[in-house]
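Worth saying up front: this structure is predicted, and the values here are computed from it rather than measured.
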Amino acid sequence: MIDIDAVNKLREEMVQVSRQIFARGLTSATSGNTSARVPGHPEQVLIKASGKSFGDVEPEDFILVDLEGNILAGEGKPSKEIRFHLGILKARPEVQAVVHGHSAFATAYATARGELPVVTAAAEAGLNKVGIVEYAAPGSVELAEMVIRAFEDPTLKAAVLKRHGFVTVGKDIHHAFYLADVLEDNAKVAFLLSQLG
């Protein structure tokens, strides 16, 4: 059964957060995707439609699916990264939302160095550590499997995908966004520290 009020409220929240993600420069153009469980219905998930920019999404740009990826409500095609979004949510029942973006500093640092150290107090408190996922083609089964494997660690809240972007998870869509912001700030500081010696 679909709780229309809960779905519509969550759609509005996801529009708000998506625009914040875009404004913070955590993704570009139509790249990136978000998903979140419908409150009270953990087996139902809203996910961004493919080809939509975070900067100008509307409520109808979020499609309601079940944990197997079947469309329950909405128009369009779910994000091509739906496999790892749903895989994380299945592996981690406590996770309520997933944010995937393409931020510059986290992506560059992890791709160049093969790691991303936790160097800021905020990242130490919020993230504790950052996972690294090797490169695989966006939207591929191989990428989804590697991302899901990383997040099977119940303590992991953030991972960087080499050459691709980041994934953060949270207790709601706002929290997952805040951790993405902390991750990118940490990457900037790590880069500046590397330059300053």
Side-chain angles (χ1 to χ4, degrees), residues 10-37 45-63 65 74 76-89 95-112 116 120 122-123 126-127 130-140 143-144 146-148 150-151 156-170 172-191:
L10 182 58
R11 277 189 166 128
E12 292 292 347
E13 283 185 59
M14 293 184 77
V15 166
Q16 178 196 345
V17 170
S18 295
R19 290 178 180 172
Q20 288 177 291
I21 289 168
F22 194 81
R24 290 291 293 156
L26 298 176
T27 203
S28 61
T30 60
S31 65
N33 27 73
T34 51
S35 65
R37 295 186 203 264
V45 176
L46 279 175
I47 187 164
K48 187 175 81 72
S50 187
K52 300 290 182 176
S53 170
F54 277 166
D56 50 30
V57 286
E58 297 294 343
E60 59 270 21
D61 295 325
F62 294 92
I63 298 168
V65 299
K77 187 179 173 193
S79 164
K80 70 179 175 184
E81 302 298 5
I82 189 171
R83 287 188 191 94
F84 73 60
H85 281 264
L86 298 181
I88 291 169
L89 293 170
V95 167
Q96 299 300 308
V98 179
V99 169
H100 167 51
H102 296 185
S103 64
F105 281 89
T107 306
Y109 198 103
T111 302
L116 178 53
T120 68
L127 300 174
V130 178
I132 302 294
V133 175
E134 292 299 323
Y135 181 78
S140 67
L143 177 66
M146 289 194 294
V147 172
I148 294 162
F151 280 96
L156 192 68
K157 297 175 194 168
V160 183
L161 287 48
K162 287 186 179 179
R163 296 176 49 202
H164 186 160
F166 68 85
V167 177
T168 53
V169 300
D172 57 39
I173 192 66
H174 301 279
H175 186 232
F177 158 57
Y178 298 151
L179 292 181
D181 210 16
V182 167
L183 176 71
E184 181 66 355
D185 182 67
N186 176 77
K188 286 180 189 172
V189 174
F191 169 74

Original post:
What distance separates I63 CD1 from L46 CG, expressed to the nearest 0.5 Å?
Top reply: 9.5 Å
Subject >> Residue pair V130 / L156: nearest heavy atoms and the distance that separates them >> reply: C-CD1, 4.3 Å
Original post:
So T34 and F177, side-chain contact (heavy atoms from CB on, under 4.5 Å) or not? Walk me through it.
Top reply: CA-CA 9 Å; T34 51; F177 158 57; over 6 Å; no
Subject >> Test item: D61 side-chain N/O and A49 main-chain N/O as donor-acceptor pair under 3.5 Å >> reply: no
Original post:
Taking atom types as modelled, is there a side-chain donor on T111 or T107 under 3.5 Å from an acceptor on the other?
Top reply: no
Original post:
D181 versus Q20: any side-chain heavy-atom pair under 4.5 Å?
Top reply: no
Subject >> Min side-chain heavy-atom separation V57-F22 under 4.5 Å >> reply: no
**OP:** Mind listing the closest non-hydrogen atom pair of A144 and R83 along with its distance?
**Re:** CB-CB, 3.5 Å
Original post:
Atom CG in L26, atom CD1 in I21: separation rounded to 0.5 Å?
Top reply: 7.0 Å
Original post:
Hey, are E134 and R163 close enough for a salt bridge, meaning a charged N less than 4.0 Å from a carboxylate O?
Top reply: no
**OP:** Identify the heavy atoms of I173 and S35 that sit nearest to each other, and give their distance.
**Re:** CD1-O, 4.0 Å
Subject >> Heavy-atom side-chain proximity of L183 to L116 below 4.5 angstrom >> reply: yes
**OP:** Determine yes or no for a side-chain-to-main-chain donor-acceptor pair under 3.5 angstrom, with S53 supplying the side chain and A29 the backbone.
**Re:** yes
**OP:** State, to 0.1 Å, how close A176 and V169 come at their nearest heavy-atom pair, and which atoms those are.
**Re:** CB-C, 4.0 Å
Subject >> Check: K188 side chain, F105 main-chain N or O, donor-acceptor pair, under 3.5 Å >> reply: no
Original post:
Rounded to the nearest 0.5 Å, how far apart are OG1 of T27 and CZ of F54?
Top reply: 6.0 Å
Subject >> Residue pair N33 / S79: nearest heavy atoms and the distance that separates them >> reply: ND2-OG, 2.9 Å
Subject >> By side-chain hydrogen bond (donor to acceptor under 3.5 Å, both in side chains) - contacts of K77 (at least two apart) >> reply: none
Original post:
When rounded to the nearest 0.5 angstrom, what distance separates NZ in K80 from NE2 in H85?
Top reply: 11.5 Å
Original post:
Under 6.0 Å from the CZ atom of R24, do we count more than 12 heavy atoms belonging to anything else shown?
Top reply: no
**OP:** Could you tell me which residues satisfy side-chain hydrogen bond (donor to acceptor under 3.5 Å, both in side chains) with S18, sequence neighbours excluded, listed by chain and number?
**Re:** none
**OP:** Let me see the working for V167 and V133 under side-chain contact (heavy atoms from CB on, under 4.5 Å), right down to the final yes or no.
**Re:** CA-CA 10 Å; V167 177; V133 175; over 6 Å; no
Original post:
Side chains of L143 and H164: closer than 4.5 Å at any heavy-atom pair?
Top reply: yes
Subject >> Spatial distance of atom OG (S103) from atom CG (D185) [nearest 0.5 Å] >> reply: 11.0 Å
**OP:** For residues H100 and L161, determine if any side-chain heavy atom of one lies less than 4.5 Å from a side-chain heavy atom of the other.
**Re:** yes
Original post:
Does the side chain of F166 come within less than 4.5 Å of E184's, by heavy atoms?
Top reply: no
Original post:
Any side-chain heavy atom of Q16 sitting closer than 4.5 Å to one from H174?
Top reply: yes
**OP:** Return the minimal non-hydrogen interatomic distance between T168 and A158, and the atom names on each side.
**Re:** CG2-CB, 3.8 Å
